[in-house]
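Every value quoted in this text rests on a predicted model; they were computed, and no experiment measured them. When reading the values below, keep in mind they use all heavy atoms of this one structure, side chains included, and skip hydrogens, waters and symmetry mates. Convention: sequence-line order gives letters A, B, ...; per-chain numbering from 1.
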Amino acid sequence: MAATTDPHSSESFRLGMLLYDTRYRSVTIQIIALVLFMLALGWLVSNTISNLEALGKTFGFGFLWTPAGYDINQQLIEYQNTDSNARAAMLGILNTLLIAVMGCVTATLLGVVAGVLRLSNNWVVARLMTIYVEGFRNVPVLIWILIFAAAINESLPAPNAFRGDDAESSMVLGSMAFTNRGFYVPEPLFSRSLGTLDIGGYFGISLDLVLFVAALAAGIWGAKRLGAQATRKQAATGERPHTFWPSVGLIVIPPVVVLVALGFHLGYPELRGFNFRGGIHMRDSLIALWLALSLYTGAFIAEIVRAGILAVSRGQTEAASALGMRPSWTMRLIILPQAMRIIIPPLISNYLNLTKNSSLAIAVGYMDATGTLGGITLNQTGREMECLLLLMAFYLIVSLTISVFMNIYNERMKLKER
Amino acid sequence: MQKSVFFGTIAAAGLLAGMASAATLEDVKARGTLNCGVATGVPGFAFTDASGEWDGFDVAVCRAVAAAVLGDGKKVNFVPTTGKTRFTALASGEVDMLARNTTWTYSRDVDLKFTFVGVNYYDGQGFMVRKDLGVTSAKELDGATVCIQTGTTTELNLADYFRINGMSYEPVPIETNAEAQQKYLANACDVYTTDASGLAATRATFETPADHIILPEIISKEPLGPLVRQGDDQWADIVRWTFNALVIAEELGVTSANVVEMSKAPTNNPEINRMLGTEGEYGAMMGLDKEWAVKAIAAGGNYGEIFERNIGEKTPIGLARGLNAQWTQGGLLYAPPFR
């Protein structure tokens, strides 16, 4: 637009300007970089193809539908060794998701408690939490996993020790056994079970569980409605009706009714043959992995929580105490809600880390996705390329899904700017 | 400038990698050492001795090949591999050969594109349990917790055996023999299952071997042998015939003690003469010198010597020759004639 005032711009375009003219230089460099990148990528792909050819290997996913042939110890869905590799991979994926969810929940609880306590005025408590955080944060998680696994294997009694009338070990409360092969705890059983719902012949979902969760959700929803009503009434009349007991009733009664209707009772583990039978078997590998991942990630979360709390201006605390609020209220109602906005983004990346770190399960023989698809299936079929690509796709999808949900949550918690 | 050097290097490396699969012999000679994949540690078969040197029944095969090709059984770079990493290591060219209690199966030979050059130990899968369990047969193992190395044929045999016999079990997947030993001794599993030779070798290292028994059932055939990548027949021939030379040497009475003497002048046995290079140009046929078999046998002795020294009845492992005796002694060792 400044054509008349700038004598240079009227010059005709020369090729050298692509390099020497600042108006075009950055574009030129970007295009060159892009071309080089594409060339590198193309070279990688063609190199892979030619090397696979040189080895006489084909590329295909047909192996997924052939029988896996191996057994998996922790089965969240039905599985036999004659089932396909795809189903074995599915079991592994469910095991990964299980440990990820268990780990994220406990890591968050541990992290929040440790983070708050580290700021405690009690010298002993604060120092203990410092030791926890620094101890766990600064030792590789793999070492912690191995330490916990070894501790369970070497220090707890074998199932054999529970045998006989004067056994060396006895069950805790007569219902739980802590052995070096894992913990056996009572399992929920239903004498009037609704059975399972088959989805496409691939998954079975327990209808009992669905009903129980539905009842619990309905109760919580009802309690929330009640709370909202009370708030409206308080806003209108200035008086808040007592809602605590009705809320508890709303939350507790529907699930209890469902449990009674289904004939709920506990199945206790008992020693038969080589091992305990019945009950829920939490394997040594699961416990070692769960504890190590939770405590390790919990230490990071503790630091994030501490940072979040310290980032809330001191004036907020002082204002709260000026209003006569108790310290516990100040923390719960004033500081944590503001700190959350700082805490959530780094929390997301810690959840992602925990999920990815769960692939270290391989060290203790926990059959997660890396152990089944990326381990035994890869090895028995020799399909390294395909298995690893699938595994990468799986972790990518899980990580992105976690990110999406946490980002949505972050949006909701964010300071609403208008 | 720097970028083009970088890409040039990668391209050259890629080309080299492509060529590596074609002429392993030239690679090994140029490198001056043989890369040999062995187990991470199985007493008697592949282990490091007090001075850190690798030794054992499988290791001896590596040393024999190195001696045949490079003239020195010490010129071996041992690469410890687990049941899971071994095939990738071989297929990618990280090792030139595997000598690592690996079972010769159809799918490994055909689908995974390897060439098994022979069988250096005829084995079968067995079970080891603590004596105080009172178990006398594998059929009584219903509900037991079983330690099993992942990525092995034994893992699949185990699944088949328990399914066919209508029994259940709890698999505890582990990576290495050492890990299995630790879990088994901590009583985290009732049973350890692997090749019977491996069980005997592992048991020999226990503080009280007599407290553990190996159950009578052998549930599978496990022909263990050295293997190489498919597609380089010359290299496969070298490894195959180096191993065969060790077997033939035992059959014909050539030992590490007398091999040098025998190779000085033709003996009255033409097969020995052909093998030891005093007659004909047999070494040159596969690209080696005349003395290759002499060096291979001198490195660790013939098959029988290697067996007795590492895993034989006089060692703590105490394995009898059994199926691994020469065909003339009622065993399965039967090397093709050297002519």
With a 4.5 angstrom heavy-atom cut-off, is it the side chain or the backbone of Ser50(A) that approaches chain B, or both, or neither? neither
In terms of side-chain heavy atoms, does Thr202(B) have a donor or acceptor partner in Asn177(B) at a distance below 3.5 Å? yes
Which bit of Ile72(A) is near chain B, if near means a heavy-atom gap under 4.5 Å: side chain, backbone, both or neither? backbone
Name of the residue among Trp104(B), Tyr106(B), Phe87(B) meeting ring-ring contact (aromatic ring centres under 6.0 Å, His included) with Phe114(B): Phe87(B)
Quick check on the interface: out of Glu179(B), Arg163(B), Gln182(B), who has the most heavy-atom pairs with chain A under 4.5 Å? Arg163(B)
Where on Arg272(A) is there a heavy atom nearer than 4.5 Å to chain B: the side chain, the backbone, both, or neither? neither
Non-hydrogen atoms of chain A under 4.5 Å away: do they reach the side chain of Phe162(B), the backbone, both or neither? neither
Heavy-atom distances under 4.5 Å only: say whether Thr105(B) touches chain A with side chain, backbone, both or neither. neither
Between the side chains of Thr381(A) and Asn85(A), is a donor N or O closer than 3.5 angstrom to an acceptor N or O? no
Looking only at side chains, do Thr115(B) and Arg229(B) share a donor and an acceptor under 3.5 Å apart? no
Distance alone, cut at 3.5 Å: any donor-acceptor contact between the side chains of Asn95(A) and Gln74(A)? yes
Side chain, backbone, both or neither: which part of Ala363(A) has a heavy atom under 4.5 Å from chain B? backbone
Part of Val135(B) lying under 4.5 Å from any heavy atom of chain A: side chain
Between Leu133(B), Thr152(B), Thr145(B), which has the largest tally of heavy atom pairs under 4.5 Å with chain A? Thr145(B)
Under 3.5 Å, is there a donor-acceptor pair linking the side chains of His212(B) and Tyr184(B)? yes
Below 4.5 Å from any heavy atom of chain A, which atoms of Asp190(B) appear? Answer side chain, backbone, both or neither. both
Structural part of Ile174(B) lying under 4.5 Å from a heavy atom of chain A: neither
Could you please spell out the steps behind the side-chain hydrogen bond (donor to acceptor under 3.5 Å, both in side chains) verdict for Tyr121(B) and Asn101(B)? CA-CA 8 Å; Tyr121(B) 194 91; Asn101(B) 45 22; over 6 Å; no
Taking every non-hydrogen pair under 4.5 Å, which of Ile362(A), Asn275(A), Asp284(A) racks up the most with chain B? Asn275(A)
Would you please indicate yes or no on a ring centroid separation below 6.0 angstrom for Phe162(A) and Phe276(A)? yes
